[in-house]
Structure formats: C-alpha cells, structure tokens
Amino acid sequence: MDVKNSGRGIPFMTFYLFLLLLSAISVLSHASSIAFQIKGNVYPLGYYSVNLAIGNPPKAYELDIDTGSDLTWVQCDAPCKGCTLPRDRQYKPHGNLVKCVDPLCAAIQSAPNPPCVNPNEQCDYEVEYADQGSSLGVLVRDIIPLKLTNGTLTHSMLAFGCGYDQTHVGHNPPPSAAGVLGLGNGRASILSQLNSKGLIRNVVGHCLSGTGGGFLFFGDQLIPQSGVVWTPILQSSSSLLKHYKTGPADMFFNGKATSVKGLELTFDSGSSYTYFNSLAHKALVDLGPKPFKSLHDVTSNFKPLVLSFTKSKNSLFQVPPEAYLIVTKHGNVCLGILDGTEIGLGNTNIIGDISLQDKLVIYDNEKQRIGWASANCDRSSLM
Ligand SMILES: *[C@@H]1O[C@H](CO)[C@@H](O)[C@H](O)[C@H]1NC(C)=O
C-alpha cells in the first residue's frame, strides 16, 4: 500500500494556520519548536509517518514515527539488503561516517562491552523491534534542515543510522517508508541531539487523528496550559532501553473496576495496536467485546475502557471503543488490544497507535512525565 494515496492528512490550510499560530507564540516566548505534518492511519496502513529532509541538497525521507526506539535511520545505498526504496532514493553515505570513539556511538551500543577497538572504526548499530523486524547499519552525520516555528531555518549536523541490512518480520518498517524516526529519550535520538544544541526543549508530542494524519512536534510550545493529565515516566534500570514507561494503572470497563490492576504501560507510537500481557488480555476478552456489524453498533453498546494511574491523582486515560476496536474492510470487528505474550513481549504492556488516536500526547523528558488531552488532531483546535 502506498501511503501517499491515503490522502487523509490535515487539510493544507489548517496545518499552515497551525504553523502561523506557533510562530506567533515563538516570537513572544523566545523559544522554539519544530512541527511536522503526519500522514498514515491505524487501519489499513498500520503506521503514521512524517517527511524528514536530509543532506545538502536535501532529500525527503518518509519515516515511521516511533516513540518506542531512539535511533533514527534511513535505508542506505551501501549496497542495501532488505531495502524497499528504489536505489536513487536511498541515502548515500559520503565519507561522513561517525567514528566509534564518538560519544553518540557509545549511546547506541551495548554498554558493558564497548566493541570499539580501533577509535577510527566506523560505528555499527543494530536495532531490533518488538515485531522482530530489525535494521543493521552504520552511524553517519549529515545536515538536517529544520524550520523552527519562530521562522529560523536551522541546518544542524545530526547523527542517524544508515541502514544497509533490514529484516521485515512484522510491519516495521512499513513497506513504503524509508526508515524510522526514533523519538525515544536516549542520547542518540534526534530530539536529544537538537536539545543538546540548545534549539528546543527535550519534549516531543503527537496528535494522531482517527481519520488519518495528524501532527508531530518537538519542543514545549504546544503544551496547553490546562486540560492535560500528567503521569511520571518510570525510570528504567537499564540505561540502554529508555522507553516511555508509565504506571502502575488499574483498568476499569463500563464504569466498573476489573481484575486488571497494577499494569505498567509503555507509550509506543511505533506499535499499531495495543498489547497487554496474557493475563490482562484474557481478563479483557472475558469482559466480552462480541462481534458487531459496525463500529457504530459497537460504540453505542460499549462504555469506554479506562486506565487509572494510581500514583498520580486523577490521571485517567480514556480508551473509547474506537481506540480499542477495528472494523475490517469486510465489516468484521476485531479487538485492537492484542496478547503481547504471544508475540514475545512477555510482561510488557504497550499503548499503541490505536489507543493514542484523537489525543494530544506529550512526552516531556525535561520533567520526566507523559501527558495527554483529548484533541481534534485534524485541526489546531487544541491551542
Ligand atoms: C529562533 O530560535 C532559535 C533557537 O532558540 C534561535 O537561535 C533564533 O535566533 C531564533 N530566531 C528568531 C528570529 O528569533
């Protein structure tokens, strides 16, 4: 499927109105943000993406947005195994390899055994995704032109992966995308790199529309003054895997408490669906979402599922039926909350795209918290 045919992004005018509002705010606050238009949907595409320009002259790469990983990478003409892009659209390294002594290299490689023997060696990376897809390549550094919302065009040298060996077991990376935009809070993410250059606050947010499209932003200017519910990000014991993990949360269904309690949940825009561990999943299935003819029947028959974050007061994450059910092309209704244990996620619970729709979701690495608010992601109405 070609994502360019999905055609459900924010109407042109609205997006530019939104940028205009942002620039007005930037001038007032002397801080900056960066905004991207998102395309894609949960079903049938299964991912959301943005265009990122790289190089001089710049070339645009369509990247899957993934808050579940740090490293941004693009398909690399090295030559390339498992590349889906035609060769002329793959990224060509040009003597701009990051060396393995570079601190960013250590940030992407496993800690106890730094494989850097010769300091002038290239910096190899390997990322594996939850769906067993992977990318292997080298770290490069190139100019990434970005327009700040105060009107300034920056040309930062940023490090990212040049992926020359990809495996696609699941849907990650998606067929038409050139790679992944890693939005995790590790030091190697583009977000962290822009933050250490003093350009933006270490904050990223997205608004994924249930009708497709939406917007993504770096920086803290879009955080509404009120209406956002916050919960702390749990500190991970592993320094390498910096996921946006929250919790514990208890599940309510149809206004009633359920046996599902104390869930730790990772917010992951790189996952199309939501995954619960098998115990929580079984409890949900036992609550009985039955087959219905249309999403309308379903929504009129179901109250939302609610996740209540017990350590932060009044922090409720509402999951309306549209955010946990899928109606297929054939009219079948499927549960969009899957058993993660079945795909090897173990006890990890993931809040994926389906449950993140029609919300402004903010990952605030400055204050180590995640926030959300209901929003119309087709419009800039959240301002
Ligand atoms: C925009 O913001 C950047 C980063 O904060 C700053 O370097 C630049 O001078 C600003 N430009 C304007 C026109 O204020």
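Counting starts at 1 for both ligands and their atoms, in listed order.
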Not counting sequence neighbours, which residues clear side chain to side chain donor-acceptor pair (under 3.5 Å) with Ser308? List them please.
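Result, side chain to side chain donor-acceptor pair (under 3.5 Å) vs Ser308: none returned.
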With heavy atoms of Leu148 as the reference, note each atom of ligand 1 found under 4.0 Å away.
2 (O), 3 (C), 4 (C)
Please list, in number order, the atoms of ligand 1 under 4.0 Å from a heavy atom of Asn150.
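In order of numbering, the contacting atoms are 1 (C), 2 (O), 3 (C), 8 (C), 10 (C), 11 (N), 12 (C), 14 (O).
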Contacts of type side-chain contact (heavy atoms from CB on, under 4.5 Å), residue Pro93, not counting sequence neighbours
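side-chain contact (heavy atoms from CB on, under 4.5 Å) check on Pro93 returns Cys76, Tyr91, Asn96, Leu97, Val140, Cys162.
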Nearest non-hydrogen atom to atom 11 (N) of ligand 1 belongs to which of Leu194, Thr152, Thr149?
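That would be Thr152.
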Are we looking at SG atoms under 2.5 Å apart for Cys123 and Cys105?
yes
Can the positive tip of Lys282 be found less than 6.0 Å from the middle of the six-membered ring of Phe276, inside 45° of the ring normal?
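So Lys282 doesn't make the cation-pi contact.
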